[in-house]
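Notes follow the structure.
Residue numbering restarts at 1 for every chain, and letters A, B, ... go by the order of the sequence lines.
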Amino acid sequence: MTQKVKVAITVNGTLYERDVEPRLLLSDFIRHDLGLKGTHVGCEHGLCGACTVLIDGHSARSCTLFAVMVDGSEIKTVESLGTIDNMHPLQEAFHEKHALQCGFCTPGFLMTAVEYLEGNPNPTAEQAREAIDGNFCRCTGYENIVEAVQLAAKKMAAH
Amino acid sequence: MKPAPFDYYAPTSLSEALDKLTELGYSGKVLAGGQSLIPAMNFRMARPTALVDLGKVKELSYIKPTADGGMAIGTMTRDSVVEEDLLVSERFPILVKTIKHIAHKQIRNRGTFGGAIAHADPAAQLPAAALLLDANLKVLSKAGERWVKAVDFFIGPFMTVLEPEELLAEVVLPPLAPRTGASYQQVSRQKGGYAQAAVISTVTLDGADRVKEARVALFSVGEYPLLASKPNQVLAGQVPTAEAIEEIAAYVAKNECDPGTDIHGTEEYRRNLVHVLVRRALTEAVQQAKK
């Protein structure tokens with residue numbers, strides 16, 4: 001019989017208690033069990049960064065963790081940032097700087113940048129580039145993303 | 001791209017974890033941060049029968065200074081925690097520099113210090129750092145503890161002297177001597193990617209700028225991290241000249257590494273990288289030691 005493990009995981013402020021198979025990846029828990037499809041799954045082995053979420057405030061790849069490993073943790077996904085009518089300054093900056101084209105990688109960039117900007121409120125272009133070195137984008141060539149991260153820093157400081 | 005089923009255990013204490021490993025024997029495998037193991041399981045290159053997750057064993061996560069000026073690091077300490085620790089950066093700046101080359105922030109936030117050493121990926125930074133810094137590894141099982149030097153720990157790609165019922169509990173780094181400089185050198189296709197060849201070195205000088213000890217660890221160019229013997233043979237007791245360093249670099253590239261050929265580079269190319277990187281690493285370490 002398939003083993004199920006009871007987990008209690010808080011996602012975007014809501015506590016979810018579920019019985020899950022140990023092999024269930026956190027990315028699949030978020031998308032399939034909770035229906036939060038903002039977290040995208042690209043490579044599923046820890047290279048592309050599309051599935052980045054925050055776990056207890058720290059960025060991590062949700063495809064290289066089992067949901068059972070984060071029992072008791074607080075997760076934040078891209079849905080926690082803002083809504084279409086009330087965007088997070090980082091989302092506004094991505095919009096204004098045209099920092100996305102197809103948008104597949106964007107949730108991962110946003111969750112990576114949101115953690116980074118908390119500790120680094122005024123990055124240079126070089127620092128912003130380094131901050132996103134764990135995320136792949138196949139459309140933009142990264143230039144606009146770097147500019148968006150810098151613009152977001154200014155917007156967040158003004159808030 | 002989904003892992004095969006496995007039995008899962010999440011002990012909340014060290015003794016419970018050791019009991020479980022003994023009970024499971026060869027069918028049990030330790031899960032630390034999972035940043036290497038889970039990708040391998042997603043590809044089904046690894047199919048462990050049972051995992052013992054140490055994530056809830058809080059007593060294995062700590063950084064403590066030792067009285068002699070070294071550090072003791074609990075196996076479950078996250079890489080990013082070691083990277084940001086002030087005392088580590090004071091006592092072992094080369095370790096911080098090395099950790100910054102491990103993949104990306106998102107992975108260092110989850111990957112663990114001891115997990116990477118026990119995993120023994122021949123292309124990984126921390127096994128080589130353990131070797132370079134002459135780490136003492138505390139190995140625990142239900143039957144008791146034993147200490148293994150890093151130089152005796154690695155026996156093949158992804159293979160160590162750990163028995164199935166054992167786990168690596170703590171890594172103790174002896175202090176660096178005064179006037180020790182260090183250097184990290186690698187060539188990789190992109191930042192955070194696997195190195196095609198990498199070299200970490202330390203050089204300790206005496207008051208007259210003669211070498212007391214020169215250590216050079218190589219990785220990604222053999223079945224496990226390698227400690228070259230030529231650098232200390234040539235340099236010990238000598239003033240390190242550019243000629244001596246060049247002779248060492250050429251020798252190490254020819255005789256003290258075993259790189260393979262893959263789509264990213266040939267054996268010949270990697271030996272050439274070792275030659276260049278050993279020269280740079282020793283040169284920089286000497287300069288640092290003089291500061």
Can you pull out the residues in [range] with any heavy atom less than 4.5 Å from chain B?
{"range": "residues 121-144 of chain A", "result": "A/E130, A/D133, A/G134, A/N135"}
{"range": "residues 25-38 of chain A", "result": "A/L25, A/D28"}
{"range": "residues 76-106 of chain A", "result": "none"}

Practice prompt. Return yes if a side-chain donor-acceptor contact under 3.5 Å exists between B/E16 and B/T12, otherwise no.
Written response: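 Side-chain D/A pair, B/E16 to B/T12: present.
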
Worksheet item: Between the side chains of B/Q185 and B/S183, does any donor sit under 3.5 Å from an acceptor?
Response: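 A pair is found: one side chain offers a donor N or O, the other an acceptor, under 3.5 Å apart.
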
Lys/Arg N to Asp/Glu carboxylate O, [X] vs [Y], below 4.0 Å:
{"X": "A/K6", "Y": "A/D71", "result": "no"}
{"X": "B/R270", "Y": "B/D262", "result": "yes"}
{"X": "B/K100", "Y": "B/E83", "result": "yes"}

Worksheet item: Is chain B contacted by the side chain of A/I55, its backbone, both, or neither, given a heavy-atom distance below 4.5 Å?
Response: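 Only the side chain of A/I55 comes within 4.5 Å of chain B.
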
Discussion item. Between A/Y116 and chain B, with a heavy-atom cut-off of 4.5 Å, which part of the residue counts as in contact: side chain, backbone, both or neither?
Written reply: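 Neither part.
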
Worksheet entry | Partner chain A: residue of B/G33, B/P3, B/A4 with the largest heavy-atom pair count (under 4.5 Å) |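 The candidate making the most pairs under 4.5 Å is B/P3.
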
Winner by heavy-atom pair count (cut-off under 4.5 Å) against chain B, out of [options]:
{"options": "A/V70, A/V5, A/V68", "value": "A/V68"}
{"options": "A/T52, A/L65, A/L54", "value": "A/L65"}
{"options": "A/M111, A/E21, A/H45", "value": "A/H45"}

Any donor and acceptor pair, going by atom type alone, linking the side chain of [X] with main-chain N or O of [Y] inside 3.5 Å?
{"X": "B/N42", "Y": "A/E44", "answer": "yes"}
{"X": "B/N109", "Y": "A/H58", "answer": "no"}
{"X": "B/T98", "Y": "B/Q125", "answer": "no"}
{"X": "A/Q3", "Y": "B/Y8", "answer": "yes"}

Worksheet item: Can you list the residues that meet the ring-ring contact (aromatic ring centres under 6.0 Å, His included) rule with B/F158, with sequence neighbours excluded?
Response: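 Result, ring-ring contact (aromatic ring centres under 6.0 Å, His included) vs B/F158: B/H119.
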
Worksheet entry | Test item: B/F154 and B/M159 side chains (from C-beta on) under 4.5 Å apart, heavy atoms |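 B/F154 vs B/M159: side chains apart.
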
Worksheet item: With a 4.5 Å limit on heavy-atom distance, are the side chains of B/T112 and B/R78 in contact?
Response: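 Contact flag for B/T112/B/R78 side chains = yes.
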
Point-to-point distance, once rounded to the nearest 0.5 Å, from [atom1] of [X] to [atom2] of [Y]:
{"X": "B/Y9", "Y": "B/L54", "atom1": "OH", "atom2": "CG", "result": "14.5 Å"}
{"X": "B/L60", "Y": "B/F113", "atom1": "CG", "atom2": "CZ", "result": "14.0 Å"}
{"X": "B/M71", "Y": "B/T77", "atom1": "CE", "atom2": "OG1", "result": "9.5 Å"}

Practice prompt. Evaluate whether atom NZ of B/K29 has more than 12 neighbouring non-hydrogen atoms of other residues, nucleotides or ligands under 6.0 angstrom away.
Written response: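 Incorrect, the count does not exceed 12.
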
Practice prompt. Let me know if B/L37 has heavy atoms under 4.5 Å from chain A in its side chain, its backbone, both or neither.
Written response: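 Neither; nothing under 4.5 Å.
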
Worksheet item: Checking heavy atoms, do the side chain of B/A40, its backbone, both or neither come under 4.5 Å from chain A?
Response: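 For B/A40, no heavy atom lies under 4.5 Å from chain A.
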
Worksheet item: Hey, mind stepping through B/E284 and B/K97 against salt bridge (Lys or Arg N to Asp or Glu O under 4.0 Å) and telling me if it holds?
Response: CA-CA 14 Å; B/E284 189 186 21; B/K97 209 170 182 182; 3.7 Å; yes

